[in-house]
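Throughout, protein chains are lettered first and strands after them, A, B, ... in sequence-line order, and every chain is numbered starting at 1.
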Amino acid sequence: MRGTSYRPRDIEPKWQEYWKRHHVYRAETDPGKPKYYVLEMLPYPSGVLHMGHVRNYSIGDALARYKRMQGFRVLHPMGWDSFGLPAENAAIKNRRDPGEWTKSNIEAMKRQLGAFGFSYDWDCETSSCEPEYYRWNQWFFLRMWERGLAYRKSAAVNWCPDCATVLANEQVVDGCCWRHEETPVEQQEREQWFFRTTAYADELLQALEFLEGGWPERVLAMQRNWIGRSVGTEVDFTVQGSGERIRVFTTRVDTIFGTTCLILAPLHPLVARLDLGGRGQALAADAASKSPDDLEKKGFFTGHHAVNPYSGEAVPVWVGNFVVMGYGTGAIMAVPAHDQRDFEFCRKHGIDVFPVIRPADSELARAGEMTEAFADYGVVERSGEFSGLASQEAIERMSAKAEAGGFGKAAETFRLRDWGISRQRYWGTPIPAIRCDRCGMVPVPDEDLPVLLPRGVELTGSGESPLRSVPEFLDADCPQCGGPAERESDTMDTFVDSSWYFYRYVDARNESAPYSTERVAFWFPIDQYIGGIEHAVLHLIYCRFFTKVMRDLGLIDWDEPIRRLFTQGMVIRDGRKMSKNLGNVVSPEELVAQYGSDTARMFALFAAPPERDLDWLDEGVEGMWRFLSRVHRFVVRNASDGVEASAAARSEADRAALRKLHQTIKRVTSDFETRWHFNTSIASIMELTNRLHDLEGQVSDGVMQASLQGLTLLLSPFAPHITEELWQVLGQEAPLLNARWPVFDPSLAREDTVQVVVQVNGRLRDRLTVPKGLARNQLTARARESERIQALLAGRTVRKVIEVPDRLVNFVAM
RNA sequence: GCCCGGGUGGCGAAACUGGUAGACGCAACGGACUUAAAAUCCGUAGUCCGUCAGGACGUGUGGGUUCGAAUCCCACCCCGGGUACCA
């Protein structure tokens with residue numbers, strides 16, 4: 001983990017208040033308040049554990065035990081993910097009703113977790129397929145709809161003709177369906193429901209600043225990238241004849257005098273209106289079917305011209321396959337001299353190239369001699385009143401002119417798009433809307449919530465949403481006019497569920513509200529969230545968005561749900577990430593059956609630090625099993641009845657044992673509190689075991705008892721079963737889980753002597769064993785006594801001596 | 001292309017602040033115990049040269065800063081991940 005130090009820096013004035021709020025909530029550390037930890041992923045109820053989850057939950061379980069022994073309560077909910085896709089498949093297969101399925105899921109999960117020695121509070125059970133969860137998903141949807149944050153529009157979607165369903169972008173692999181690798185995905189226009197995430201784009205981006213220190217840098221970077229703010233100018237071109245305006249967005253308005261045509265996205269509304277015989281659609285379909293890497297720049301002339309408001313010149317209006325509708329305005333001004341893509345397009349279609357920017361120390365390029373665009377900033381030329389200005393200054397003045405002239409303005413645009421939440425699947429929260437021929441789309445009134453999924457649905461796997469074949473579900477009365485109407489059959493993306501499940505966890509039985517404001521205010525924001533890196537930009541943006549919406553609904557008064565985030569690495573196997581989709585998942589159950597869960601968990605934790613990707617190899621499990629057996633034998637052999645643990649050393653062996661014990665306590669404790677590098681914790685516990693082994697027979701009974709107790713306690717978060725047994729072997733009656741974590745005693749850990757390195761010109765020449773804390777001059781004197789050093793220094797002049805107490809002496813000699 | 005990570009023995013890795021590189025473990029080898037095997041215990045081990053003593057080299061490559069660099073700086077190479085005709 002990175003530290004939580006927080007450095008104020010230059011923040012735009014509009015974010016000053018925001019900074020204060022976050023600064024306050026960061027500084028607040030109420031030592032009496034329990035911490036709220038959320039594990040985003042837990043084992044699946046299907047009986048197969050995902051390896052990534054085991055690693056994940058191993059961390060969580062070890063932490064929970066450590067915290068408990070330290071006297072903290074960790075609220076530690078079950079994961080919503082347990083009830084996601086696998087549950088859908090299982091429910092479909094078993095034709096079971098969601099509520100029933102949920103209960104059996106929970107039971108199965110408890111059994112499974114019990115097998116791993118998991119222990120925590122179960123009072124926070126909830127799942128995304130419970131009727132009450134549907135209710136509040138729908139409630140949030142309606143509140144967002146009222147505020148224009150949920151809306152419906154026609155949009156291009158990925159469509160697999162074989163599955164006859166819409167695919168999420170993640171389900172499209174190399175232009176084909178993830179389930180039909182031979183079938184190209186089609187682009188289709190469909191009515192879809194969206195959440196207006198773009199309304200919060202600026203805040204989602206700027207607030208990342210305040211998560212620094214608590215969130216991994218790579219996640220912040222991925223989110224910044226994903227949101228993708230860019231600053232530029234919007235300019236209106238006027239179509240000759242019709243007077244229609246085409247708005248373009250550009251980050252380089254300083255090049256606008258070099259515009260030689262406009263290019264519209266194939267799906268730009270104007271293309272449809274101009275009625276070009278479906279050529280736009282065809283171009284779009286062609287582009288969608290090809291990998292972007294080898295897409296040729298195609299396009300056609302619309303037959304219209306538009307006027308550049310700066311130069312008054314008319315330029316042809318084209319349609320190009322490389323212009324995308326979803327970004328900016330869906331139309332660009334093509335400046336071939338100064339943009340490589342425009343250059344390629346215009347050269348191909350015989351459109352003029354007109355340079356207007358020259359490098360600061362060079363001449364303006366000649367169009368005919370250019371082999372590629374000059375895309376850097378420079379000095380503006382051939383641009384009327386702006387000629388001679390540097391690019392940056394020209395951008396400012398030209399934006400100002402657009403605004404003054406009413407044909408444009410300075411603008412920012414985001415790469416982030418609104419979140420399409422419609423799914424044509426059986427499973428998922430039904431969207432609470434009713435379509436009436438007279439009234440249009442009408443919200444389901446609050447008192448009619450929840451809208452539940454019908455039972456006994458025939459799942460044919462073909463055609464549209466299975467819900468469309470259930471008349472009892474589809475037929476509805478219009479809430480406004482009372483006339484016959486049709487219920488919306490789309491269900492919500494399951495990411496909606498995961499966006500706020502952790503709020504529901506702290507108040508899972510609430511029937512009158514999604515959660516009580518007081519209860520969530522006690523626990524939130526989440527102190528520590530643990531999840532996989534694969535959610536860096538999906539779940540972890542959606543849940544931030546939901547928190548901001550909830551804040552604006554007045555339900556909560558913080559801006560960010562998660563203070564600290566820990567992302568564990570992915571498990572790689574055979575060169576690919578281990579995932580249920582790819583089917584290369586290791587089932588730890590075999591390991592558990594063969595070696596037990598203590599060995600399995602310790603092996604996973606020992607393999608690598610948790611944030612790093614792990615290339616999974618089974619080799620080495622045996623070694624971990626040997627280690628635990630060795631500990632078991634050692635404790636059993638040395639435990640003696642009725643002997644009090646004692647830290648009173650009576651011999652050098654006693655001192656050595658206690659010293660190693662307390663050094664290990666320090667190391668393991670600090671790993672828990674800071675980095676979570678449990679691989680090094682386990683390594684140091686192994687060292688302790690080895691040392692005690694060496695000292696066996698030389699240590700007094702009291703000190704041995706103290707050492708064995710310490711060893712058992714240190715090991716217990718990683719190997720809860722075996723240590724619980726050893727705890728009894730050591731004569732303890734109270735459960736180990738309730739024992740106190742061992743306390744580090746610096747005086748016992750202190751080394752009496754240290755090994756010091758003697759260097760000559762930075763090269764290691766000798767080692768000395770000296771009392772710890774030996775003064776510099778004495779250290780040097782001791783170093784000079786060494787025969788080897790004397791031999792090396794004979795006849796040379798020592799120009800300088802570097803002395804680092806307890807570490808080294810370095811003679812710099814000529 | 002852009003943005004992140006990462007590159008250390010045969011392998012997983014450690015080195016937390018610039019100060020003994022390779023802790024801990026796997027695999028390997030040698031030995032003890034055993035009729036034998038397993039298990040266990042003891043030991044060896046970065047590479048090269050050398051009988052030993054010892055020496056040289058060594059953290060992707062090249063350079064720099066420093067008494068001293070896996071660690072800091074510059075340039076480059078490779079691997080992994082994210083993202084993209086983003087205007």
Nearest whole Å is fine: how far is [N] [atom2] from [X] [atom1]?
| X | N | atom1 | atom2 | result |
| --- | --- | --- | --- | --- |
| Met333(A) | rC86(B) | CE | P | 15 Å |
| Phe627(A) | rU40(B) | CZ | C1' | 16 Å |
| Asn679(A) | rA13(B) | CG | P | 9 Å |
| Glu622(A) | rA39(B) | CD | P | 8 Å |
| Arg630(A) | rC24(B) | CZ | P | 11 Å |
| Arg218(A) | rU83(B) | CZ | C1' | 15 Å |
| Glu687(A) | rA15(B) | CD | P | 12 Å |
| Ile802(A) | rA69(B) | CD1 | P | 12 Å |

Would you tell me if any nitrogen or oxygen in the side chain of [X] comes within less than 4.0 Å of OP1 or OP2 on [N]?
| X | N | value |
| --- | --- | --- |
| Arg612(A) | rG81(B) | no |
| Arg763(A) | rG54(B) | no |
| Arg626(A) | rA27(B) | yes |
| Ser230(A) | rA87(B) | yes |
| Arg765(A) | rG55(B) | yes |

Considering every strand and a 4.0 Å limit on heavy-atom distances, what is the contact class for [X]: base, sugar-phosphate, or nothing?
| X | answer |
| --- | --- |
| Gln340(A) | nothing |
| Arg633(A) | sugar-phosphate |
| Val323(A) | base |
| Phe811(A) | nothing |
| Gln759(A) | base |
| Arg788(A) | sugar-phosphate |
| Gly228(A) | nothing |

Take atom NZ in Lys666(A); do more than 12 heavy atoms of anything else shown fall under 6.0 Å from it?
-> no
Does CZ in Arg247(A) sit with more than 12 non-hydrogen atoms of other residues, nucleotides or ligands closer than 6.0 Å?
->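 For Arg247(A), atom CZ is crowded (more than 12 foreign heavy atoms under 6.0 Å).
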Please report the distance separating the [atom1] of [N] from the corresponding atom of [M], rounded so that it comes out in whole Å.
| N | M | atom1 | value |
| --- | --- | --- | --- |
| rU40(B) | rC4(B) | C1' | 48 Å |
| rU17(B) | rA70(B) | C1' | 15 Å |
| rG18(B) | rC24(B) | C1' | 24 Å |
| rU51(B) | rU59(B) | C1' | 32 Å |
| rA28(B) | rG9(B) | C1' | 13 Å |
| rA38(B) | rA45(B) | C1' | 25 Å |
| rA37(B) | rC52(B) | C1' | 39 Å |
| rG12(B) | rG62(B) | P | 23 Å |

Taking for each residue the nucleotide of RNA chain B bearing the nearest heavy atom, is the 5' side occupied by Arg799(A) or by Lys297(A)?
->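 That would be Arg799(A).
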Comparing Lys800(A) with Asp342(A), nearest RNA chain B nucleotide closer to 5' gives the residue Lys800(A)
Is there a donor in the side chain of Thr233(A) and an acceptor in the side chain of Ser399(A), or the other way round, less than 3.5 Å apart?
-> yes
Cation over ring face, Arg415(A) and Trp226(A), 6.0 Å, 45° | yes
Should the pair Lys297(A) and Phe322(A) be classed as cation-pi, given the thresholds of under 6.0 Å to the six-membered ring centre and 45° from the axis?
->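 Ring-cation test returns yes.
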Proximal nucleotide (of [options]) relative to the [X] side chain:
| X | options | result |
| --- | --- | --- |
| Val812(A) | rC85(B), rC67(B), rA15(B) | rC67(B) |
| Leu764(A) | rA87(B), rG19(B), rA21(B) | rA21(B) |
| Arg807(A) | rU20(B), rG55(B), rA87(B) | rU20(B) |
| Arg417(A) | rU83(B), rC86(B), rA87(B) | rC86(B) |
| His693(A) | rG19(B), rC41(B), rC3(B) | rC41(B) |
| Phe322(A) | rC85(B), rC86(B), rC3(B) | rC85(B) |
| Phe249(A) | rU20(B), rA15(B), rA87(B) | rA87(B) |
| Arg341(A) | rA13(B), rC85(B), rG82(B) | rC85(B) |
| Ala683(A) | rC24(B), rC67(B), rA87(B) | rC24(B) |

Indicate the ring-plane relationship of Phe249(A) and Tyr327(A), choosing parallel, tilted or perpendicular according to the 30° and 60° boundaries.
-> perpendicular
Between Phe345(A) and Trp318(A), how do the two ring planes meet: parallel, tilted or perpendicular, split at 30° and 60°?
-> perpendicular
Salt bridge or not for Arg659(A) and Asp752(A), using N-O below 4.0 Å?
-> yes
SB check Glu751(A) Lys772(A) (cutoff 4.0 Å) | no
Could you check which nucleotide pairs with rA45(B) in any of the strands shown, counting Watson-Crick or G-U wobble with both distances under 3.5 Å?
->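 Result: none.
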For rU83(B), which nucleotide in any strand shown is its Watson-Crick or wobble partner with both distances under 3.5 Å?
-> rG1(B)
Quick one: classify the glycosidic conformation of rG62(B) as syn or anti, with syn meaning within 90° of 0.
->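 Anti conformation here, the glycosidic angle of rG62(B) being more than 90° from 0.
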Any N/O donor-acceptor pair, Asn810(A) side-chain to rC67(B) base, under 3.5 Å | yes
